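Since the structure comes first, as structure tokens, the remarks are kept for the end.
Because the structure is a prediction, the values reported are computed rather than measured.
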Amino acid sequence: MDKSALRKKLKDPTGFELIEVIGAREHNLKNISISFPRNQLVVITGISGSGKSSLAFDTVYAEGQRRYMESFSAYARSFIGNLERPDVDKINGLSPVISIEQKTTSRNPRSTVGTVTEIYDFMRLLFARAGEAFSYLSGVKMVRQSEEQILNGIFQHFHGKRLILLAPIVKGRKGHYRELFVQIRKSGYTKVRIDGEIHELTAKMQVDRYKIHDIEIVIDKILADEKDRFRIGQSVSRSLKEGKGVMMLMEESGKVHHFSKYLMDPTTGLSYDEPAPNLFSFNSPYGACPTCNGLGVIEEITEESVIPDKKLSIARGAILPLGEYRDIWIFKKIDAILRRYKLSLTTPVGDIPKEVIKVLLYGDDVPVAVASVKYPGTEWNTKFEGIISFLEKIREEGSDFGRKWTEDFTITRTCPDCNGDRLRKESLHFKIDGKNISELSKLNMVSLNHWFDGLENRLDDKQRVIAVEVLKEIRKRIGFMLDVGLDYLDLDRPLRTLSGGEAQRIRLATQIGTQLVGVLYILDEPSIGLHARDNVKLIKALKDLRDLGNSVIVVEHDKEMMLECDYLIDVGPGAGRHGGQVVAAGTPKEFLKNESTTAKYLNGKLTIPYVRQKRKGNGHFLRLTGASGNNLKGVTLEVPLGALTCITGVSGSGKSTLIHETLFPILNRHFFNSRQDAKPFEKIDGLKHIDKVIEVDQSPIGRTPRSNPATYTTVFSDIRDLFAQLPEAKIRGYKPGRFSFNVKGGRCETCEGAGLRLIEMEFLPDVYVQCETCKGKRYNRETLEVRFKGKSIADVLDMTVEEAVTFFENQPKILRKIETLNDVGLGYISLGQHATTLSGGEAQRVKLATELSKRDTGKTFYILDEPTTGLHFQDIAHLLDVLQKLVNKGNTVLVIEHNMDIIKSADYIVDLGPEGGDEGGRIIASGTPDEVSRISGSYTGKFLRAELS
């Protein structure tokens with residue numbers, strides 16, 4: 001009997017066959033009651049803002065988390081505080097809950113794919129126990145010897161020779177070592193070897209404290225003969241004891257040989273400590289590169305960033321931090337230095353000798369005389385510390401404003417010592433099968449899986465015994481990553497560079513690896529950023545999680561996921577106050593017979609129409625030639641201007657590298673003098689046909705509850721101006737600042753205008769709770785007494801966008817900005833909704849609305865990254881209308897997308913591939929949707945063919 005049949009036959013051990021939610025009223029939910037089966041894959045869908053997340057996360061997950069807290073002792077709960085009970089009458093059949101959301105991606109540069117999946121942790125253990133050490137000086141394999149082996153080696157290689165046994169105690173350090181010599185004398189030794197010469201120990205002996213020294217104790221002088229084996233053995237033992245496991249042997253000719261109980265290079269004497277897992281951790285001081293502290297990059301202020309244009313003179317503003325000449329102290333100092341070398345402030349920087357530039361940037365010890373303004377006839381003689389030295393000082397010790405200012409002159413570059421490998425050189429010289437741990441971290445999952453495949457056959461017997469259990473764990477975790485469609489990622493990839501969907505699928509892979517049973521998993525759109533080809537892998541991974549004996553709830557808009565699930569719930573019918581009801585529920589087969597909007601899109605009664613006649617554009621092209629960053633293979637991209645272009649391809653095929661890391665930085669630098677560097681390319685043509693570029697990505701609009709859609713779109717400034725013009729406000733003398741929750745005056749001082757207070761948890765992530773003074777309204781009582789149409793400023797922030805459109809219908813300046821939010825399908829969010837509660841897709845649409853509310857020129861180049869994230873079929877139709885309107889005005893819209901409805905609606909498609917990682921990076925198809933659908937080697941073409949038919 002197969003697993004799924006057995007799962008259906010066995011009765012649920014909890015006694016509950018269903019999870020029952022009774023009387024849910026959280027946010028916009030209308031007192032709904034819904035039952036759905038346990039240990040099944042359940043999909044909750046509905047249009048954006050209908051209440052899907054309110055049901056899944058704010059009700060089911062919140063209650064599960066609260067019940068978990070209740071199981072803690074009263075003492076433990078006193079540290080954590082009580083979580084508020086969600087607004088629901090009852091939930092039956094609830095298991096322990098684990099939520100896998102999009103918004104929990106770490107921003108820490110030290111978090112990588114390897115650390116979060118634990119693959120890198122097991123690799124550290126493998127290298128510490130089974131790695132072979134090589135010398136970074138000579139490349140020779142390091143050896144470790146026991147006392148017996150050292151003794152036998154002396155008789156074997158030096159028989160009959162006179163030798164001196166030495167114990168090294170100081171290696172390459174400065175100091176006078178007076179106390180050390182006293183200590184050595186007290187221990188009974190009479191001679192030491194200092195910097196290659198043997199000296200008698202005398203009273204008050206010391207060496208030059210400012211020079212680097214090597215000091216060894218002369219332990220014994222011997223003749224290597226078997227009859228003296230006992231005495232020589234004792235001397236070797238004493239040498240190793242005094243030298244802390246290391247000793248030296250000197251022949252009469254002066255030639256020195258090195259021996260060690262630990263790892264040692266027999267030719268140079270270089271020794272390593274015994275390897276431990278933390279030697280291979282870039283987050284530990286024992287393993288991290290000391291130059292970059294394990295980050296792989298360093299930030300520094302360079303001559304190029306301070307003096308970008310050497311044709312200018314200093315008076316004309318060549319030194320960027322100083323600007324053009326002003327009658328101030330620093331310019332007088334620079335003038336005095338230049339006069340010393342018979343130069344002036346009007347000399348072009350390119351004509352100033354390098355040694356003078358070095359003095360200006362880094363200073364020198366020669367005092368500079370500057371005439372005093374206050375005391376005519378006198379001069380001030382002070383040293384000049386240099387422009388870069390001054391900026392570095394501000395960067396390290398200055399105020400927040402000063403540090404932010406120096407960022408303009410700071411560039412990030414690969415660490416010169418570790419070349420971006422993050423580890424110290426000793427760590428990088430431990431190898432297994434010829435590769436160090438950093439080289440393995442740079443391989444994608446497919447290549448890494450291939451390297452670990454059959455590794456036991458390439459290890460010796462001792463390594464094989466040590467590695468067998470560790471290799472099982474590594475292979476298992478790599479397998480989970482491959483199962484969820486993340487085969488193109490490498491272990492070195494920082495977590496903060498991943499999309500919400502990728503980060504979520506990594507956590508999903510980790511959860512599958514824990515092999516827990518009887519858990520309720522709740523996921524938030526895990527298919528984001530996944531090509532239709534890889535969707536099958538994700539659905540299989542979710543079914544595997546279910547087959548272990550878990551309940552899986554997925555909030556999702558993906559058609560395949562809905563049709564493959566066990567039970568489907570549709571929340572709606574509209575968004576915000578028009579939603580909050582269960583409009584349809586059942587197995588996919590039953591669901592398709594419903595008349596809900598979702599059911600109609602699934603069964604084909606409603607579709608987003610396909611228009612065969614596509615725009616040709618305005619006849620001009622933007623042509624990027626020879627893009628070769630990351631995995632791109634010298635790609636040449638042509639984008640027709642005045643058209644809607646879609647960039648497609650499987651995950652990891654190079655879309656983000658081509659658009660976000662190459663094309664956008666080039667355009668941004670050209671139009672706005674951005675300092676962001678583009679990935680390598682040969683040339684770009686067609687820039688004269690566009691006049692600005694706007695990128696709309698999925699990064700949050702703010703990281704604290706103070707940020708919200710009203711402040712981001714700047715409509716809140718107009719609303720504050722309106723409130724300040726009201727008669728009541730004028731009588732009280734209130735200015736627009738009174739209605740700001742970010743400055744003192746009108747805000748609630750308990751929460752400082754946030755409406756929430758941060759509670760720092762000891763054992764769990766920090767949580768925000770409502771401010772008890774203002775009850776979340778952000779303002780004090782006096783400010784709230786000023787009303788417009790009966791509404792206070794706090795009431796306006798609580799309005800949904802849809803309500804605000806009606807409320808401000810006679811305020812054109814405010815209305816224009818709010819209407820664009822409504823047009824992109826955000827009518828259900830409130831104006832003051834905290835930025836931390838917005839999904840990646842919602843944040844992107846807030847940015848899109850902000851850009852749409854600005855006056856466009858008809859020559860704007862828009863770049864959007866998966867704008868359909870979080871959108872229902874109906875919302876996608878609205879979004880397409882907005883994008884088509886932009887293009888109809890003459891603008892160019894470039895969209896990176898996996899959604900077939902957007903792809904088929906594009907005028908032009910560029911498909912990258914054919915696979916992800918090293919197997920990708922080429923343009924394999926380009927043209928109209930009809931043309932691409934006929935190209936056999938394209939995965940996008942294959943799915944497009946099915947969509948168009």
Side-chain angles (χ1 to χ4, degrees), residues 1-14 16-19 36-45 52-53 55-57 60-61 64-65 68 93-102 104 113 116-119 445 473 475-487 489 498 500-530 534-558 560-569 587-588 651:
M1 190 182 287
D2 72 336
K3 272 195 286 186
S4 57
L6 184 66
R7 180 170 51 81
K8 285 173 182 168
K9 191 177 176 187
L10 290 172
K11 204 168 168 58
D12 194 298
T14 61
F16 285 101
E17 293 293 321
L18 300 169
I19 295 173
F36 47 89
R38 281 171 56 83
N39 299 348
Q40 300 276 304
L41 174 57
V42 178
V43 168
I44 301 177
T45 190
K52 307 180 299 297
S53 295
L55 175 60
F57 290 99
V60 177
Y61 173 65
Q65 195 183 30
Y68 169 63
L94 194 59
S95 304
V97 187
I98 292 175
S99 132
I100 304 178
E101 293 183 77
Q102 296 171 39
T104 49
V113 170
V116 81
T117 56
E118 296 179 350
I119 296 171
M445 290 296 159
E473 293 295 331
R475 286 192 188 118
K476 190 167 78 174
R477 280 164 172 77
I478 293 173
F480 296 139
M481 292 290 283
L482 298 174
D483 289 345
V484 294
L486 293 173
D487 47 6
L489 290 182
L498 301 181
E502 285 170 331
Q504 195 173 177
R505 290 197 294 282
I506 284 180
R507 291 187 62 205
L508 175 62
T510 310
Q511 287 301 331
I512 297 170
T514 61
Q515 301 283 297
L516 286 172
V517 176
V519 174
L520 171 59
Y521 288 99
I522 304 181
L523 292 93
D524 186 11
E525 288 197 76
S527 67
I528 291 169
L530 207 55
D534 301 319
N535 233 357
V536 181
K537 292 181 184 174
L538 174 66
I539 293 167
K540 183 183 177 298
L542 292 172
K543 286 183 174 178
D544 288 346
L545 203 56
R546 172 200 69 186
D547 292 342
L548 284 170
N550 299 301
S551 306
V552 182
I553 296 176
V554 184
V555 176
E556 188 56 272
H557 295 290
D558 181 70
E560 295 299 314
M561 187 82 75
M562 290 187 212
L563 295 173
E564 288 285 330
C565 72
D566 299 315
Y567 199 80
L568 185 53
I569 299 168
T587 62
S651 303

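Side chain to side chain, Glu118 and Thr510 fail the donor-acceptor criterion of an N or O pair below 3.5 Å.
With values rounded to the nearest 0.5 angstrom, Ile569 atom CD1 is found 5.0 Å from Ile44 atom CD1. Once rounded to the nearest 0.5 Å, the distance linking CD1 of Ile539 with CG of Asp534 reads 11.0 Å. With rounding to the nearest 0.5 Å, the separation of CG in Leu486 from OG in Ser651 is 7.5 Å. Rounding to the nearest 0.5 angstrom, the gap separating the CG atom in Leu568 from the CD atom in Glu556 is 11.0 Å.
Contact record, Tyr567 with Thr587: CD1-N, 4.1 Å, taken as the closest heavy-atom pair. Residue Ile98 comes nearest to Tyr61 through the heavy atom pair C-CE1, 4.5 Å, listed as atom of the first residue, atom of the second, then distance. Nearest heavy-atom pair across Val113 and Met445 is CG1-CE, 4.0 Å. Considering every non-hydrogen atom in both Ile522 and Ala56, the closest pair reads CD1-O, 3.3 Å. In terms of heavy atoms, Leu41 sits closest to Arg546 at N-CD, 3.7 Å. Shortest non-hydrogen contact noted between Arg38 and Ser95 is NH1-OG, 2.7 Å.
Contact check for Leu538 versus Leu508: side-chain heavy atoms found under the 4.5 Å cut-off. Asp483 is not listed as a side-chain neighbour of Lys537, based on a closest heavy-atom distance of 4.5 Å or more. Looking only at side-chain heavy atoms (C-beta outward), Ile100 and Pro526 stay at 4.5 Å or farther from each other. Between Met562 and Pro588, every side-chain heavy-atom pair lies at or beyond the 4.5 Å cut-off. Between Leu542 and Glu564 the shortest side-chain heavy-atom distance does not fall below 4.5 Å. A 4.5 Å side-chain heavy-atom check between His557 and Thr45 finds at least one atom pair inside the cut-off. With contacts defined as side-chain heavy-atom distances shorter than 4.5 Å, the pair Arg477/Met481 does not qualify. Proximity of Leu94 to Val60: side-chain heavy atoms (C-beta onward) are separated by under 4.5 Å at one or more points.
Looking at residues two or more places apart in sequence or on another chain, you find no side chain to side chain donor-acceptor pair (under 3.5 Å) involving Glu560. Every residue two or more places apart in sequence or in another chain that forms a side chain to side chain donor-acceptor pair (under 3.5 Å) with Asp558 is listed here: Asn535. In this view, Lys540 and Asp544 satisfy the side chain to side chain donor-acceptor pair (under 3.5 Å) rule, not counting sequence neighbours.
At distances below 3.5 Å, at least one donor-acceptor pair connects side-chain atoms of Gln504 with backbone N or O atoms of Asp524. Using modelled atom types, one side-chain atom of Asn550 and one backbone atom of Gly518 make a donor-acceptor pair closer than 3.5 Å. With Thr117 contributing its side chain and Ile506 its backbone, the two residues share no donor-acceptor pair below 3.5 Å.
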Q: Go through the steps to decide whether Leu516 and Tyr521 satisfy the test side-chain contact (heavy atoms from CB on, under 4.5 Å), and finish with yes or no.
A: CA-CA 11 Å; Leu516 286 172; Tyr521 288 99; 3.9 Å; yes

Q) Do Ile553 and Phe36 pass the side-chain contact (heavy atoms from CB on, under 4.5 Å) test, and can you show the C-alpha distance, the side-chain angles, and the key distance before you say yes or no? A) CA-CA 10 Å; Ile553 296 176; Phe36 47 89; 3.6 Å; yes

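Contact check on Arg505 versus Glu502 returns no salt bridge, with no Lys/Arg side-chain nitrogen under 4.0 Å from an Asp/Glu carboxylate oxygen.
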